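Step one of this worksheet: look at the structure below.
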Amino acid sequence: MGGVAKVDRTTNRSKVLRYSRKIGRMGNSLGVSIPKALAEKLNVGQGDEIEFIENNKGEVVLRKVIPTKLPDHVRPEVLEAFYDIFNEDRDILDDLRDR
């Protein structure tokens, strides 16, 4: 999967790099390769985890997941369950916060 990095100049003279890649089939999923220069900037390699963050403008930010060490007394599955419940009940929690 080849691609081209393009450099755009914006009005504030900051440099914006744009990378182009084609989406390919990876088993039953779709996948895209990360250009070597971008992988080096993100400090990611095979086996690392990345996350995609969508902002309110519909833009997607790609970021390396920094693994954290849980305290010995916290099991990962309990933390995941808490996270799921928090996300499911986010509207309720936001409403309580705003009272």
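Owing to the predicted nature of the structure, the values given are computational and were not obtained by experimental measurement. Reckoned from all heavy atoms, side chains included, excluding hydrogens, waters and symmetry mates.
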Closest non-hydrogen atoms of R75 and L70, given as atom of the first, atom of the second and distance, are C-CD1, 4.4 Å
Any side-chain heavy-atom pair from R63 and V44 closer than 4.5 angstrom?
no
Can you check side-chain contact (heavy atoms from CB on, under 4.5 Å) on Y19 and L17, steps first, answer last?
CA-CA 7 Å; Y19 298 92; L17 290 175; 3.5 Å; yes
CG (N43) and CD1 (I66) are apart, to the nearest 0.5 Å, by 8.0 Å
Drop me the distance from R90's CZ to I92's CD1, to the nearest 0.5 angstrom.
12.5 Å
Straight-line distance of S29 OG to I23 CD1, nearest 0.5 Å:
12.0 Å
With a 4.5 Å cut-off on side-chain heavy-atom distances among I, L, V, M, F, W and Y, is there a chain of contacts connecting V16 to V61?
no
Taking the side chain as every heavy atom from C-beta outward, state whether F86 and L93 have any atom pair closer than 4.5 Å.
yes
Quick check: are there more than 12 heavy atoms from other residues, nucleotides or ligands sitting under 6.0 Å from CG of D72?
no
Rounded to the nearest 0.5 Å, how far does CG of D84 lie from CZ of F82?
11.0 Å
What I'd like to find out is whether the side chain of V60 reaches to under 4.5 Å of the side chain of I53, using heavy atoms alone.
no
In this structure, CG of N56 is separated from CD of E54 (nearest 0.5 Å) by 9.5 Å
Here the gap from L38 atom CG to R21 atom CZ, rounded to the nearest 0.5 Å, amounts to 9.0 Å
Taking the side chain as every heavy atom from C-beta outward, state whether L62 and L42 have any atom pair closer than 4.5 Å.
yes
Do P76 and L79 make a side-chain contact, defined as non-hydrogen atoms from C-beta onward lying under 4.5 Å apart?
no
